[in-house]
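The structure appears below as structure tokens.
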Amino acid sequence: MDKTIGDVAAAVADIPDGASVMIGGFGGSGAPIELIHALIDRGPRDLTVINNNAGNGRIGIAAMIDAGMVRKIICSFPKSKDPRAFTEAYLAGRIELELVPQGTLAERIRAGGAGIPAFYTPTSFGTELAAGKPTAEFDGRGYVQERWLKADYALVKAEIADRHGNLVYRKAGRNFGPLMCMAAATTIVQATRIVEPGAIDPEHVVTPGLFVDRVVAVPHARQEEDLNIEGAVYA
Amino acid sequence: MSDIANIKLSNAQIAWRAAQDIEDGSYVNLGIGFPEMVARYQVAGRKAIYHTENGILDFGPAPAPGQEDWDLINAGKKAVTLNPGAAFFHHADSFAMVRGGHLDVAILGAFEVAENGDLANWSVGKSGVPAVGGAMDLVHGAKRVAVITDHVTKTGAPKLVERCSLPLTGVGCVTRVYTSLAVVDIEGGRFVLREKLAAISLGDLQAVTGATLNLDGPVADLIVPEL
């Protein structure tokens, strides 16, 4: 078994128009910038993007929006230091927004990966974000029913991957990665280092390789924050 | 009526007062922005462990400029450091800590707080780009949900009200409010005044409050150091 694939272009080569794509990261932390840029090079359109945010600056997800690839974004916080790309597209009506509380977004993705079609959460009960959703009372308290969230693809950044797809993340770059790996039909991971099976202590595996389909080495991955400090533009 | 602009506490002083109620050994989430300031005034000899939604327990202050690691940030996307004993975890575990009632205290900012404990702090209405982040999750689950806020808005309108007029973050969730003039508990659907600045009369405080301030025992002076 060897899930490694030659380069980032090959890793994303089959993502078609209209696909739903989960993209790991919280702001720049854990953002798989090189996979996103490879997807921009390929240029599928009409995508639904699932991420905590909606891009920052002129790179990564913001550059996907600028390239006109994104039809809809499902996120909790579409604001950033430099939110121009999303803000302009949203106010011009070119992009649809599904705003989801952050913990609900995480749990919907987890549920999608875990085979749980719906669950009840106290979050958003009594607020406008619960409008139209079924509610129920359990032990005297109100809860909102939320549906699972799955995707055709996930793009995730890890620190170490072995050839079987077992993953270790880097610091708080972990965030949505383990959840998105579970919830996508095809999970594509960029890793700073690829090692042989057995090189990761089984006690330290965070995402078991079963949830991962493709692994590509990106040894000198850039941080979104550093690129933005440099004023980088990806187009 | 006293000029409240001259007597009111600074944000740092409000944060200091809120920090006095954080007990040793507490697990605490501080909302992004103003609430983050509470960590600066942790009481000497007490250890609180701070949680951030993006998957860290026991993070510390910002690193020296140039030492930032952009995989080590807080929910406000600011670079942080780690304390000995820190832990990383994914987002579903992070919000299990929140909703599951495992945090002792959450401290949030507010546009409005109502006497029934409703909080509005995520949206000022329809225009622009809406963003909620973790606010609606954080108001559920912490054993104590406290708000720190100026007592009135920049235009002088009360922020403590009978019912919120702005979109709600959560219903019946707030238990204590630390303002620039007073400390107010929310009990049984009403505001109960616990502390107020000595320089403001009860009548003047009530005049800048949008709902009845009830008394339940003595009201202490709100005493905060110069900061």
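Letters A, B, ... are given to chains in the order of the sequence lines, protein chains preceding strands, and every chain is numbered from 1.
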Open item on the list: Given 3.5 Å as the limit, does a donor-acceptor pair link the side chain of A/K79 with the main chain of B/V129, or not?
Closed with: yes
TODO: Please look at B/S123 and chain A and tell me whether the side chain, the backbone, both or neither of the residue comes under 4.5 angstrom of a heavy atom of that chain.
DONE: neither
TODO: Specify the closest pair of heavy atoms between A/G126 and B/L168, including all atoms of both residues, with the distance to one decimal.
DONE: O-CD1, 3.7 Å
- [ ] Work out which heavy atom in A/L99 is nearest to a heavy atom in B/W122; give both atom names and the distance.
- [x] CD2-CZ3, 3.7 Å
Task: Between A/E107, A/R110, A/E128, the one whose heavy-atom pairs under 4.5 Å with chain B are most numerous - done: A/E128
Open item on the list: Looking at chain A, which one of B/G170, B/G55, B/G134, B/P130 has the largest number of heavy-atom pairs inside 4.5 Å, strictly under?
Closed with: B/P130
Task: Interatomic distance, B/E53 atom CD to A/N175 atom CG [nearest 0.5 angstrom] - done: 12.0 Å
- [ ] Between chain B and each of A/G173, A/G27, A/P122, count heavy-atom pairs under 4.5 Å; write down the option with the most.
- [x] A/P122
Open item on the list: Applying side-chain contact (heavy atoms from CB on, under 4.5 Å) to A/Q102 and B/F95, what does each step give before you reach the verdict?
Closed with: CA-CA 8 Å; A/Q102 197 173 129; B/F95 281 89; 3.6 Å; yes
Task: Heavy-atom pair count under 4.5 Å with chain A, highest-scoring of B/A92, B/S94, B/G133 - done: B/G133
Open item on the list: Restricting to non-hydrogen atoms, name the atom on B/M136 and the atom on A/P101 that form the minimum distance, rounded to 0.1 Å.
Closed with: SD-CG, 4.1 Å
Open item on the list: For A/L129 versus B/V132, what's the shortest heavy-atom pair and its separation?
Closed with: CD1-CG1, 4.0 Å
Open item on the list: At a heavy-atom distance under 4.5 Å, which candidate from A/S29, A/S124, A/P178 has the highest pair count against chain B?
Closed with: A/S29
Task: Spacing of A/N56 atom CG and B/K77 atom NZ [to the nearest 0.5 Å] - done: 8.5 Å
- [ ] Heavy-atom pairs under 4.5 Å with chain B are the metric here; pick the option from A/A106, A/G142, A/A130, A/G25 that has the most.
- [x] A/A106
Open item on the list: My understanding is that only one of B/D71, B/L82, B/I73 makes a side chain to side chain contact (heavy atoms under 4.5 Å, CB included) with A/K171; could you say which?
Closed with: B/D71
Task: Under 4.5 Å from a heavy atom of chain B, the part of A/V206 involved - done: neither
Task: Interface moiety of A/L97 toward chain B, non-hydrogen atoms closer than 4.5 Å - done: side chain
Task: Contacting moiety of A/R170, where chain B heavy atoms sit under 4.5 Å - done: both
Task: Nearest heavy atoms of A/T121 and B/R99, plus distance in Å - done: OG1-CD, 3.2 Å
- [ ] Count the heavy atoms belonging to other residues, nucleotides or ligands that lie under 6.0 Å from CD of B/Q206, then report whether that count exceeds 12.
- [x] yes
Open item on the list: Does B/K47, at its NZ atom, have more than 12 non-hydrogen atoms belonging to other residues, nucleotides or ligands within less than 6.0 Å?
Closed with: yes
Open item on the list: Looking at every non-hydrogen atom in both residues, tell me the closest pair between B/H140 and A/T123 and how far apart they are.
Closed with: CD2-CA, 3.8 Å
Open item on the list: Assess the residue pair A/T127 and B/T169 against the criterion (side-chain contact (heavy atoms from CB on, under 4.5 Å)); give the C-alpha distance rounded to whole Å, side-chain angles, the decisive distance to 0.1 Å, and a yes or no.
Closed with: CA-CA 6 Å; A/T127 77; B/T169 306; 5.8 Å; no
Task: Best-contacting candidate, B/D93, B/V80, B/N54, against chain A by heavy atom pairs under 4.5 angstrom - done: B/N54
Task: Ring centers of A/F26, B/H91 separated by less than 6.0 Å - done: yes
Open item on the list: Heavy-atom cut-off 4.5 Å, strictly under: side chain, backbone, both or neither for B/D69 against chain A?
Closed with: side chain
Task: B/R46 atom CZ, over 12 foreign heavy atoms within 6.0 Å - done: yes
Task: Per-residue contact mode, A/S80 against chain B (heavy atom under 4.5 angstrom) - done: neither
Task: Residue selection (most heavy-atom pairs with chain B, distance under 4.5 Å) from A/Y90, A/Y169, A/F176 - done: A/F176
Task: Crowding at OH, B/Y27 (>12 non-hydrogen neighbours, <6.0 Å) - done: no
Task: From A/Q223 atom CD to B/W70 atom CH2, the distance as rounded to the nearest 0.5 Å - done: 9.0 Å
